[in-house]
Amino acid sequence: MTFEYKDIVVAVDGSETAEVAFNKAIDIANRNQSKIILAHIVDTRAFSTVEAYDRSLAIRAEKYATELLEDYRSKAEAAGVTNVVIDIDYGSPKVKIAKDVAPKHQADLIICGATGLNVMERFFIGSVSEHIIRYASCDVLVVREDDPDEN
C-alpha cells in the first residue's frame, strides 16, 4: 500500500518548531509532487479586549502573518515546490486548522510543530497540535524541534 499526500496544510506561527514542520512539508511535497497550503491563524482572542483601545494591533498581526507566509512561500518555491497556497484566517488556531482550513483545501495531511509560540494557552487549555490530532479528519504529522540524530 502506498501513501501519497497531495494537499498538505502546514500550520506556521513563526516558532522554531513551525520552521521544522515547514521543512518536513517541503520534503514530503517534493517526494509526492504535492501542493502546500501555508496556514497561519491570527489568534483574535489574544487581542480582542486590547483592540478596543488600539486598532493597530489587528493591522500589525495581519501584516506579520502576510510577511511570514510570503517568506515561507519564497522558501518553498526555491526548494522546488511548484504549488504553494497561502491561507490566513482569524480565530482560534486549534479550532481553525483542523475544522476549517484543512477541509476547505481537502487536505490529506496536516503538519504542525509540537509546540508553538503560545505557551500560556498550552499550559491552561492544551496544545494546538493536540487539538488538531483530536479533530482533524486527515492524517496529522506533529514534528519536534529536537533532531534525535543530533543526540
Worksheet item: What distance do Thr66 atom OG1 and Glu62 atom CD have between them, rounded to the nearest 0.5 Å?
Response: 5.5 Å

Worksheet item: Taking all atoms of both residues into account, what is the closest heavy-atom pair of Ala29 and Val81, and its distance?
Response: CB-CG2, 4.1 Å

Fill in: Ile26 CD1 to Ser34 OG distance, which is reported to the nearest 0.5 Å
12.0 Å

Practice prompt. Any chance you could lay out the side-chain contact (heavy atoms from CB on, under 4.5 Å) test for Lys75 and Glu19, step after step, and finish with the verdict?
Written response: CA-CA 11 Å; Lys75 290 177 183 176; Glu19 183 79 20; 3.7 Å; yes

Item to complete: Verify the neighbour count for atom CD of Gln106: are there more than 12 heavy atoms of other residues, nucleotides or ligands below 6.0 Å?
Response: no

Fill in: Check ion pair Asp27-Arg31 (N to O, under 4.0 angstrom)
no

Practice prompt. Could you tell me which non-hydrogen atom of Tyr72 sits nearest to which non-hydrogen atom of Ala18, and how far apart they are?
Written response: OH-C, 4.2 Å

Worksheet item: How close do Gly14 and Leu68 get, heavy atom to heavy atom, and via which atoms?
Response: N-CD2, 3.8 Å

Worksheet item: What is the distance from atom CD1 of Ile132 to atom CG of Leu141, rounded to the nearest 0.5 Å?
Response: 11.5 Å

Worksheet entry | Exam field: side chain Lys6 to backbone Asn32, donor-acceptor pair closer than 3.5 Å | yes

Worksheet item: Are more than 12 heavy atoms from other residues, nucleotides or ligands located less than 6.0 Å from atom NZ of Lys24?
Response: no

Item to complete: Evaluate whether atom NZ of Lys104 has more than 12 neighbouring non-hydrogen atoms of other residues, nucleotides or ligands under 6.0 angstrom away.
Response: yes

Discussion item. Is there a side-chain contact between Phe22 and Leu38 in this structure, where contact means two heavy atoms from C-beta onward sitting under 4.5 Å apart?
Written reply: yes

Item to complete: Kindly write out the residues that satisfy ring-ring contact (aromatic ring centres under 6.0 Å, His included) with Tyr5, not counting sequence neighbours, or none if the list is empty.
Response: none

Discussion item. For Asn30 versus Ala79, what's the shortest heavy-atom pair and its separation?
Written reply: ND2-O, 3.0 Å

Worksheet entry | Closest approach of Ala114 to Val142 (non-hydrogen atoms, all atoms of both residues) | CA-CG1, 3.5 Å

Item to complete: Take the angle between the ring planes of His40 and Tyr64 and call it parallel below 30°, perpendicular above 60°, tilted in between.
Response: perpendicular

Item to complete: Would you give the length of the straight line joining atom CD1 of Ile8 to atom SG of Cys138, rounded to the nearest 0.5 angstrom?
Response: 10.5 Å

Worksheet item: For the hydrophobic clusters of this structure (ILVMFWY residues joined by side-chain heavy atoms under 4.5 Å, transitively), does one cluster hold both Tyr135 and Val101?
Response: no

Fill in: Distance (rounded to the nearest 0.5 Å) between Ser137 OG and Asp108 CG
10.5 Å

Discussion item. For the OG atom of Ser92 and the CD1 atom of Ile41, what is their distance to the nearest 0.5 Å?
Written reply: 9.0 Å

Worksheet entry | Hphob cluster co-occupancy, Val95 + Ile111, side-chain heavy atoms under 4.5 angstrom | no

Item to complete: Side-chain contact test, heavy atoms from C-beta onward, threshold under 4.5 Å: evaluate it for Glu70 versus Arg73 and give yes or no.
Response: yes

Worksheet, complete the sentence: Heavy-atom nearest pair, Val9 first then Ala102, reads CG2-CA, 4.0 Å

